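For reference, the structure discussed in these notes is given below.
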Amino acid sequence: MKTFPMFIDLADRTVAIVGGGEQAAQKARLLLKTEADLALIAPELDDELSGLVRKGRARHVSAVSDRETLSEARIVFVCTGCAGADAAIAAEAKSLGKLVNVVDRPDLCDLITPAIVDRDPLVVAIGTEGAAPVLARQVKTRLEEMLEPRLGDLVSLAGRLRDAVARRISKDKRRVFWRWVFNEAPRRMFASGREQEAARLLKAAIEAGGPEAPEVEQKGLVSLVGSGPGSADLMTLRGVQRLQEADIIFYDRLVDPGVLELARRDAERVFVGKRHGSALEWPQSRINGVIVAAAREGKRVVRLKSGDPLVFGRAAEEAAACEAAEVDWEVVPGVTAALAAAAEARLFPTDRGATRHLVLTTGASPEGAAEPDLAGMARPGVTLAVYMGVRSSAETQANLLRQGAPEDAPVTIVEGAESRGGRRLHGALGELSDLVKREGVKSPAMVFIQWPDPQRAAFAAERLAAS
């Protein structure tokens with residue numbers, strides 16, 4: 001390699017940025033993460049840089065040829081926007097023995113700014129020696145997915161406790177201890193926002209002389225994870241992290257295969273899918289049993305569901321089974337199908353000019369139960385987002401029309417949201433059931449029915465005209 005990666009201590013050291021425009025602001029944003037003394041060298045500064053000076057986070061040096069400021073700087077960034085001026089300033093700074101970075105001029109650079117994943121004090125720098133900056137950003141994105149946002153807080157806590165670990169835990173057990181901290185319960189707790197509980201657990205382990213003590217034995221965890229509506233890139237960062245930690249994953253038929261590719265390769269995968277009206281090879285009681293049994297073995301369990309576990313995902317039943325078995329559990333939300341389908345169809349479920357209520361409901365009922373009373377939920381100013389509403393489309397149409405909904409109320413059907421081969425169909429309430437039959441709509445599909453509020457729409461139009 002031509003460049004050697006290293007970290008430079010910039011606390012209370014001067015870093016000079018020569019230039020006052022957007023490129024200088026980009027460098028300043030990066031350096032604001034450090035404790036450097038920023039010197040902005042330019043005749044004039046843009047509004048963002050001027051704001052930094054007003055807040056005391058940087059100082060302004062108006063003379064570009066100020067050798068005194070260049071002399072005290074540890075690093076000099078050059079970005080005036082003029083190729084000739086950049087080259088001249090870089091040469092002057094180098095003559096003073098300074099390390100120089102010139103924006104978009106790798107041939108003049110002593111330093112190359114890497115792509116950075118910041119979990120202070122954990123910092124990851126990615127560089128390609130200027131050959132492939134787009135690839136560096138792609139790698140950064142993947143690392144951002146892997147490293148949960150609160151990880152830096154855990155690293156800081158570990159740093160504060162290192163002396164206590166050295167005093168109380170024998171040298172031969174320290175590696176095992178730190179592996180436990182960053183692989184097991186403390187890290188999972190921090191990632192889910194339970195910092196205080198994690199700190200107490202960590203301190204108890206130190207007092208006990210190591211994580212092998214009974215009070216800190218590894219316990220299983222059931223994570224009810226929403227995979228989103230289809231595309232793997234709609235998974236949350238926390239959801240990806242749980243997949244990469246999982247020992248075993250229970251998933252259903254609506255989970256996109258690309259989502260499973262985000263899991264660690266050696267995780268066991270168990271399909272627990274079922275279809276409405278089919279022989280239930282995997283009834284809910286059996287699913288509850290297997291996730292609880294795996295957690296009792298000390299495994300990290302992911303129950304992977306399409307959409308969001310909290311929205312018609314039977315999360316309550318699975319959480320209740322965990323509670324009854326005294327198994328720890330958590331919910332990792334996902335993008336629910338209604339919002340993903342609305343975004344794909346460019347549909348606005350709430351619009352202050354027409355609708356102010358969004359109702360998430362289902363067209364399906366448990367065996368033997370009455371059909372949902374969708375008509376009781378609908379009125380002017382409401383958007384109905386109906387999950388599993390294909391089979392009951394005729395009943396939904398009839399009930400809403402009896403309720404007084406207009407036949408021309410807009411209807412949007414999104415079949416297979418965020419998946420290959422998905423479709424968007426538009427019509428009116430009066431033709432809903434015919435549209436489903438004619439187009440052969442198949443589940444999974446979201447049915448949106450909007451009942452605009454004429455008075456609210458008129459009021460919004462008047463305000464818009466007045467403005």
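Source: prediction; values computed, not measured. One is the number of the first residue; the rest follow in order along the sequence.
- Lys94 contributes no side-chain N or O that, together with a main-chain N or O of Asp110, makes up a donor-acceptor pair within less than 3.5 Å.
- Environment of CG in Asp104: sparse, with no more than 12 heavy atoms of neighbouring residues, nucleotides or ligands closer than 6.0 Å.
- Glu330 is not listed as a side-chain neighbour of Arg188, based on a closest heavy-atom distance of 4.5 Å or more.
- Note: Cys109 SG to Phe77 CZ = 9.5 Å, rounded to the nearest 0.5 Å.
- No side-chain donor-acceptor contact under 3.5 Å links Arg119 to the backbone of Val155.
- Taken to the nearest 0.5 Å, the CE atom of Met146 stands 12.5 Å off from the CG atom of Leu243.
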side-chain contact (heavy atoms from CB on, under 4.5 Å) between Val290 and Phe250: does it pass, once the steps are laid out?
CA-CA 9 Å; Val290 294; Phe250 297 97; 3.7 Å; yes
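- Taking CD of Glu145 as the reference point, atom CG of Asp233 lies at 9.0 Å (rounded to 0.5 Å).
- Using a 4.5 Å cut-off on side-chain heavy atoms (C-beta onward), Met189 and Arg200 make no contact.
- Contact detail for Asp328 and Gly220: the closest heavy-atom pair is CB-O, 4.0 Å.
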Given the rule in the side-chain contact (heavy atoms from CB on, under 4.5 Å) test, do Leu347 and Gln450 qualify, once you have shown the distances and angles that lead to the verdict?
CA-CA 10 Å; Leu347 171 77; Gln450 294 182 292; 3.1 Å; yes
After noting the C-alpha distance and the side-chain angles of Arg137 and Val134, does the key distance pass the side-chain contact (heavy atoms from CB on, under 4.5 Å) rule?
CA-CA 5 Å; Arg137 287 192 291 272; Val134 171; 3.3 Å; yes
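- Using modelled atom types, one side-chain atom of Arg174 and one backbone atom of Ile169 make a donor-acceptor pair closer than 3.5 Å.
- Between the Arg424 side chain and the Glu344 main chain, a donor and an acceptor come within less than 3.5 Å of each other.
- Side-chain atoms of Glu317 do not come within 3.5 Å of backbone N or O of Gln284 as any donor-acceptor pair.
- For Arg269, the CZ atom is densely surrounded, since the number of other residues' heavy atoms within 6.0 Å is greater than 12.
- Among all heavy-atom pairs drawn from Ala28 and Leu52, the shortest one is CB-CD1, 4.0 Å.
- Pro452 approaches Pro410 most closely through the heavy-atom pair CD-CD, 4.2 Å.
- Of all heavy-atom pairs between Val222 and Ile291, the closest is CG2-O, 3.8 Å.
- A heavy-atom distance below 4.5 Å is not found between the side chains of Leu108 and Asp86.
- The shortest non-hydrogen separation linking Leu224 to Pro309 is O-CG, 3.5 Å.
- The side-chain hydrogen bond (donor to acceptor under 3.5 Å, both in side chains) pairs that include a residue from residues 40-57 are Arg29-Glu48, where partners are two or more places apart or lie in different chains.
- Within the 4.5 Å cutoff, no side-chain heavy atoms of Arg13 are placed close to those of Ile75.
- Here the rule is side-chain hydrogen bond (donor to acceptor under 3.5 Å, both in side chains) with Gln241, and of Glu245, Arg238, Gln244 only Glu245 fits it.
- Within the structure, no pair that satisfies the ring-ring contact (aromatic ring centres under 6.0 Å, His included) test touches residues 124-176, not counting sequence neighbours.
- Using modelled atom types, no side-chain atom of Asp120 and backbone atom of Gly152 make a donor-acceptor pair closer than 3.5 Å.
- In this structure, the side chain of Arg168 does not engage the main chain of Gly209 through any donor-acceptor pair within 3.5 Å.
- Under the 3.5 Å distance criterion, the side-chain polar atoms of Arg242 are left unmatched by any main-chain donor or acceptor of Leu304.
- Taking CZ from Phe448 and CG from Leu358, the interatomic distance works out to 8.0 Å, rounded to the nearest 0.5 Å.
- Contact between Leu234 and Val335 at its shortest, heavy atoms only, is O-CG2, 3.8 Å.
- In this structure, His60 contributes its side chain and Ala42 its backbone to a donor-acceptor pair below 3.5 Å.
- Side-chain contact between Thr336 and Phe312 is absent, with no heavy atoms from C-beta onward closer than 4.5 Å.
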side-chain contact (heavy atoms from CB on, under 4.5 Å) between Thr80 and Val18: does it pass, once the steps are laid out?
CA-CA 6 Å; Thr80 67; Val18 185; 3.9 Å; yes
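- Residues Ile116 and Val123 are in side-chain contact: their nearest non-hydrogen atoms beyond the backbone lie under 4.5 Å apart.
- Here CD1 of Ile413 is found 10.0 Å from NE2 of His426. Values are rounded to the nearest 0.5 Å.
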Which donor-acceptor pairs under 3.5 Å do side chains of residues 32-40 form with protein atoms, sequence neighbours excluded?
residue, atom, partner, partner atom, Å
Thr34, OG1, Leu31, O, 2.7
Thr34, OG1, Ala36, N, 3.2
Asp37, OD1, Arg59, NE, 3.4
Asp37, OD2, Thr14, OG1, 3.2
Asp37, OD2, Arg59, NE, 3.2
Asp37, OD2, Arg59, NH2, 3.1

Could you walk me through whether Lys203 and Glu207 satisfy the salt bridge (Lys or Arg N to Asp or Glu O under 4.0 Å) test, starting with their C-alpha distance in whole Å, then the side-chain angles of each, then the deciding distance to 0.1 Å, before giving a yes or no?
CA-CA 6 Å; Lys203 291 175 182 178; Glu207 289 293 326; over 6 Å; no
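- Ring geometry for Phe177 versus Trp180: interplanar angle of 30 to 60°, hence tilted.
- Ion pairing between a basic and an acidic side chain is recognised when a charged N comes within 4.0 Å of a carboxylate O; Lys299 and Glu297 show such pairing.
- Asp252 contributes no side-chain N or O that, together with a main-chain N or O of Lys305, makes up a donor-acceptor pair within less than 3.5 Å.
- Side-chain atoms of Pro114 and Ile126, non-hydrogen and from C-beta on, never get closer than 4.5 Å to each other.
- Once rounded to the nearest 0.5 Å, the distance linking CD1 of Ile17 with CD of Gln23 reads 12.0 Å.
- Arg179 places a side-chain heavy atom less than 4.5 Å from the side chain of Val176.
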